[in-house]
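Just so it is clear: chains get the letters A, B, ... in the order the sequence lines come, proteins before strands, and each one is counted from 1.
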Amino acid sequence: MYAKVIKLTNMNGIKYDHAKIEKKWQEKWEKEKIYFPDLSRPDNKYYNLWMFPYPSAEGLHAGHAFASTGSDVFGRFMRMHGKDVFQPIGYDSFGIHSENYAIKIGEDPHKVVRRTTKHYEEQMRSLGHGYDWTHTVTTSDPDYYRWTQWLFLKMWEAGLAYKKKATVNFCPSCKTVLADEQVVTPAAAGKEPKDAAGKSITNSEELKVCERCGTVVEKKDLDQWFFKITKYADRLLEGLEKIDWSTRVKLAQKNWIGKSQGMLIKFETENGDGEIEVFTTRPDTLNAATFIAIADEGLYNQESSEKVGEFTGKYALEPFSKRRLPVWKTNYVAPGYGTGAIMGVPAHDERDMEFAEKYHLDIVQKDPDKNLWQEISEKGFGKKHTNYHLRDWLVSRQRYWGAPIPMVDCPECGWVPVPEKDLPVILPNISDYKPEGTGKGPLANHKEFYQVKCPKCGGDATRETDVMDTFVDSSWYFLRYPSSDRESVPFDGEVTRNWLPVDLYFGGAEHSVLHLMYARFVTKVLFDLKLLSFDEPFPKFFAHGLMIKDGAKMSKSRGNVVNPDQYVSKFGADTLRLYVMFLGPMDASPDFRDSGIEGMQRFVTRLWKLFNQPNTIDGQPSKGVVSKLNQTIKKVTEDMYNFKYNTAIASIMELVNTISDKGSNEEVLRSLCLLVAPFAPHLAEEVWVEVLGQPFSIHKASWPKYDDSKIASDTVTIVIQINGKVRSQLVVGNKQSTIQGDIETLSRKDENAAKWLKGHDIKKVIFVPGKLVNFVV
RNA sequence: GCCGGGGUGGUGAAACGGUAUACACGCUAGGUUUAGGACCUAGUGCCCCUUAAAGGCGUGCAGGUUCAAUUCCUGUCCCCGGCACCA
């Protein structure tokens with residue numbers, strides 16, 4: 001088939017028609033179902049999951065392409081290792097993002113989501129990802145949210161869902177409450193901080209804003225639904241020990257859970273009219289306590305950076321010595337944490353010291369006494385106690401675009417769950433879906449929705465009009481994918497047992513304490529309910545970096561969002577895939593630039609020409625080419641497992657350079673094609689089938705193996721160092737390079753080295769076989 | 001403040017005890033082309049030097065360990081991220 005061509009010259013005539021070839025194989029892959037594994041046969045299962053996107057109006061941007069390609073490349077790599085890779089995709093389509101956009105353009109969110117999900121699907125197909133399009137999930141579909149509501153009922157049955165009046169975070173712009181986890185620093189939100197009127201705030205120090213819109217949150221006392229995630233605090237902490245996640249993400253969760261062990265200690269007030277209980281992690285410093293500080297909501301909410309206090313006029317008694325400790329109201333004690341009261345120990349706590357100095361309180365120097373831990377509990381003054389930073393998960397939202405909470409408030413029976421058989425509670429189509437910020441959601445204006453009969457007693461009752469937080473939708477979606485075709489259950493027992501947990505979860509680190517913790521919590525609850533056989537959903541999670549453009553995180557507000565479509569149509573999906581994977585390691589934050597992608601296009605063209613007009617040599621390729629090929633297979637294979645696709649591609653480029661220079665044969669080209677396949681699936685398939693004449697499909701072919709014995713090349717360069725400085729080099733035979741005597745002799749004969757050795761005593765010789773020799777003189 | 005992750009050419013980056021800058025981008029010169037583009041060839045850290053050879057200096061900064069340090073250790077500065085008056 002190949003003519004004998006010595007030099008790669010005059011290849012300008014060969015064009016790679018990416019549009020035609022990519023379309024051709026995308027259709028063939030779908031027709032032949034090569035990415036649709038048979039879920040009834042799980043022997044070689046590999047569940048490869050990328051965090052599903054919320055379908056925005058703008059569509060996927062290049063950052064999505066970077067992340068999703070990273071996931072897809074690994075899925076292809078595993079498929080070429082004989083795994084039945086299940087790689088599903090879906091849409092996190094409920095929630096404020098989609099709803100706010102619908103409000104902005106004045107269109108029904110149902111319609112908006114239908115349009116945006118369609119656009120996403122087209123974009124993801126155009127990138128050539130190996131998704132199983134027969135198992136997609138859309139969280140705003142009644143078929144899906146029916147089971148989100150089912151999950152709520154399970155929480156209720158397990159005693160883990162409750163409604164309670166509490167001081168909660170409220171976003172005046174989104175006109176809804178937020179979970180603690182959704183209240184973040186402006187930097188984390190990636191937004192300019194704004195006040196309730198939408199004006200930018202420049203003094204952004206220590207501000208807490210809405211994760212969605214960047215508006216400074218307010219505190220309100222409202223009746224809200226919570227999930228008791230605090231009950232799982234310890235289990236969530238312990239589970240971190242057994243999962244393969246980066247320390248960075250694990251620590252973020254650990255910090256968020258914020259476990260601290262200490263004691264609750266009671267102080268009687270002076271005139272015997274009560275007692276004050278404090279939480280402390282340092283009961284051993286009780287002897288040095290000089291005052292009691294209690295939280296004051298009013299002072300606390302003033303958000304003063306300086307410590308402020310007011311003396312209450314009361315005194316509390318230190319339990320052992322009965323010392324009189326003044327009781328102060330302050331702003332530096334958090335009301336919601338511990339007992340909302342602390343003992344002030346200026347000698348052992350900087351903050352207490354600052355306060356004591358400001359208000360001229362006593363400062364007592366006493367050494368800590370470890371025995372106090374025991375003595376306090378023996379005397380009954382206090383007891384050991386563990387506190388957590390983690391709060392219960394606030395799941396209700398006074399919005400429209402979410403799954404209605406399936407509960408009914410009956411004047412006779414109290415809160416009654418909607419029976420499972422009556423699910424889903426359909427979200428009605430209404431036109432007045434804008435939030436009003438009255439503390440009630442838009443559904444509260446619709447009698448036809450909330451006027452119901454009590455499922456228990458049949459009397460008149462009121463349906464809950466709040467909907468669920470989007471993070472409830474996404475807390476269990478990975479369970480639904482393999483069972484998306486089941487109508488009568490949220491997830492099928494057998495399929496779930498066979499295909500879960502997820503083998504590799506690929507996603508952004510920004511979800512460290514939101515989605516990832518909620519999903520772990522929900523999994524543990526379902527495990528306890530004996531509905532799952534595992535209690536960690538994602539034993540391996542890889543956090544990719546966030547793509548940068550012009551030095552800043554891509555975001556619509558900055559106007560630096562790159563749409564991949566134009567690059568797909570101009571350069572093709574393969575070039576774009578290779579380009580974004582080549583930018584840097586997957587966990588870095590690559591900067592997208594146009595000039596780079598043109599360079600990658602050159603590489604793709606070179607590849608295409610190399611395969612179509614190869615400089616084939618008759619018979620066996622040189623040993624140098626064989627050794628380079630084996631080195632490359634080894635390097636690429638190792639890099640793939642570490643998500644260092646950039647260096648994997650670099651070594652493939654090196655191999656291409658070597659082949660261009662020294663020639664190849666069909667066997668070498670086949671291996672090269674296989675190495676390229678995960679990155680450039682279309683080009684590789686075209687070459688594999690049409691040029692190399694191999695059976696369809698390369699994506700089910702075996703990943704090439706390397707032969708250790710063929711890695712070594714004929715000659716090796718040995719570095720000669722004198723006192724650790726490189727002075728010369730020797731090119732010697734492979735065998736000779738490991739013989740110290742030979743190398744020493746050759747080094748002395750080497751002109752350059754001899755110059756440095758002349759007139760010196762050699763004190764020591766360090767020899768690293770096959771690498772270097774170092775003379776110490 | 002505490003806890004993570006980082007500071008390497010003009011740029012993205014590689015090496016992570018053993019030739020610092022692989023692989024690319026960009027740039028310079030030459031070839032090819034009617035021209036441009038594309039493509040091909042050569043060069044490209046800094047200093048000294050007409051050039052080359054040879055040499056010196058170079059991985060934020062200052063020390064240390066080692067025959068040998070971007071890599072290990074100590075101190076320090078800066079950037080990014082998480083948590084935070086959480087007692």
Side-chain angles (χ1 to χ4, degrees), chain A residues 7-12 15 184-185 187-188 206 246-260 262 278-282 285 293 295 300 304-307 330-345 348-352 354-355 387-389 509-510 512-513 545-546 548 579 582-585 587-603 605-606 609 644 646-654 656-657 717-729 752 755 763-768 770-777:
Chain A
K7 285 223 174 217
L8 282 162
T9 50
N10 190 25
M11 306 184 305
N12 293 348
K15 279 273 182 305
V184 299
T185 58
E206 292 174 31
S246 65
T247 45
R248 185 193 154 106
V249 177
K250 282 191 191 181
L251 277 166
Q253 291 212 356
K254 202 179 160 192
N255 286 341
W256 186 260
I257 296 167
K259 181 176 185 172
S260 61
V278 306
F279 175 72
T280 178
T281 54
R282 297 296 305 279
T285 63
Y300 188 77
S304 150
S305 57
E306 203 180 324
K307 291 182 178 54
T330 76
N331 68 335
Y332 84 95
V333 175
Y337 185 79
T339 60
I342 61 157
M343 59 182 199
V345 189
H348 296 284
D349 187 287
E350 277 181 32
R351 297 154 303 182
D352 295 344
E354 195 188 323
F355 189 75
N387 248 327
Y388 299 90
H389 169 260
E510 70 273 21
S512 298
V513 287
L546 284 181
I548 303 288
Y579 170 63
F582 185 62
L583 279 169
D587 54 359
S589 302
D591 201 336
F592 192 97
R593 47 188 69 201
D594 286 5
S595 62
I597 195 165
E598 284 161 15
M600 191 52 80
Q601 188 191 27
R602 287 205 279 274
F603 175 69
T605 311
R606 279 188 73 195
K609 287 172 180 170
K644 294 179 79 176
N646 56 328
T647 47
I649 293 168
S651 59
I652 291 172
M653 287 172 167
E654 285 187 52
V656 168
N657 291 344
T717 305
I718 300 279
V719 170
I720 304 174
Q721 294 185 340
I722 317 291
N723 285 348
K725 296 229 177 216
V726 178
R727 294 303 179 187
S728 190
Q729 296 180 350
N752 250 325
K755 202 170 81 187
K763 289 184 188 155
K764 200 172 166 188
V765 180
I766 316 278
F767 181 66
V768 182
K771 281 218 164 136
L772 64 75
V773 61
N774 185 13
F775 295 91
V776 185
V777 299

Where do N or O atoms of nucleotides 3-7 of chain B meet protein N or O atoms at under 3.5 Å, pair by pair?
none

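Judged by atom type and distance alone, A/Glu350 does not reach the base of B/G1 through any side-chain donor-acceptor pair under 3.5 Å. A donor and an acceptor atom never sit less than 3.5 Å apart when one is taken from the side chain of A/Lys764 and the other from the base of B/C67.
Nucleotide B/C49 has no partner under the Watson-Crick or G-U criteria, as no pair reaches both atom distances under 3.5 Å. In this entry B/G63 has B/C73 as its Watson-Crick or G-U wobble partner, both defining distances falling under 3.5 Å. Nucleotide B/A54 has no partner under the Watson-Crick or G-U criteria, as no pair reaches both atom distances under 3.5 Å. When Watson-Crick and G-U wobble pairs are counted only if both distances are under 3.5 Å, B/A13 pairs with no nucleotide at all. With both pairing distances under 3.5 Å, B/G81 is matched to B/C3 as a Watson-Crick or G-U wobble pair. Across all strands shown, B/A35 forms no Watson-Crick or G-U wobble pair with both key distances under 3.5 Å. Across all strands shown, B/A42 is found opposite B/U28 as a Watson-Crick or G-U wobble partner, with both distances under 3.5 Å.
Along RNA chain B, the nucleotide closest to A/Ala252 and the one closest to A/Arg727 are compared, and the more 5′ of them pairs with A/Arg727. Nearer to the 5' terminus of RNA chain B, by closest-nucleotide assignment, is the contact made by A/Lys771 (compared with the other of A/Gln601 and A/Lys771).
Using a 4.0 Å heavy-atom criterion, one finds that A/Gly599 contacts the sugar-phosphate atoms exclusively.
The side chain of A/Arg602 lies closest to B/C39 when the candidates are B/C39, B/G82, B/A87. The nucleotide whose nearest atom lies closest to any side-chain atom of A/Asn646 is, among B/A13, B/G12, B/A87, B/A13. If you check B/U19, B/C85, B/C83 against the side chain of A/Tyr332, the one that comes closest is B/C85.
Close to B/C23, at under 4.0 Å from its OP1 or OP2, lies no side-chain N or O of A/Ser651. Checking the phosphate oxygens (OP1, OP2) of B/A22, no side-chain nitrogen or oxygen of A/Asn657 falls inside 4.0 Å.
The separation between A/Lys307 atom NZ and B/C85 atom P is 11 Å, rounded to whole Å.
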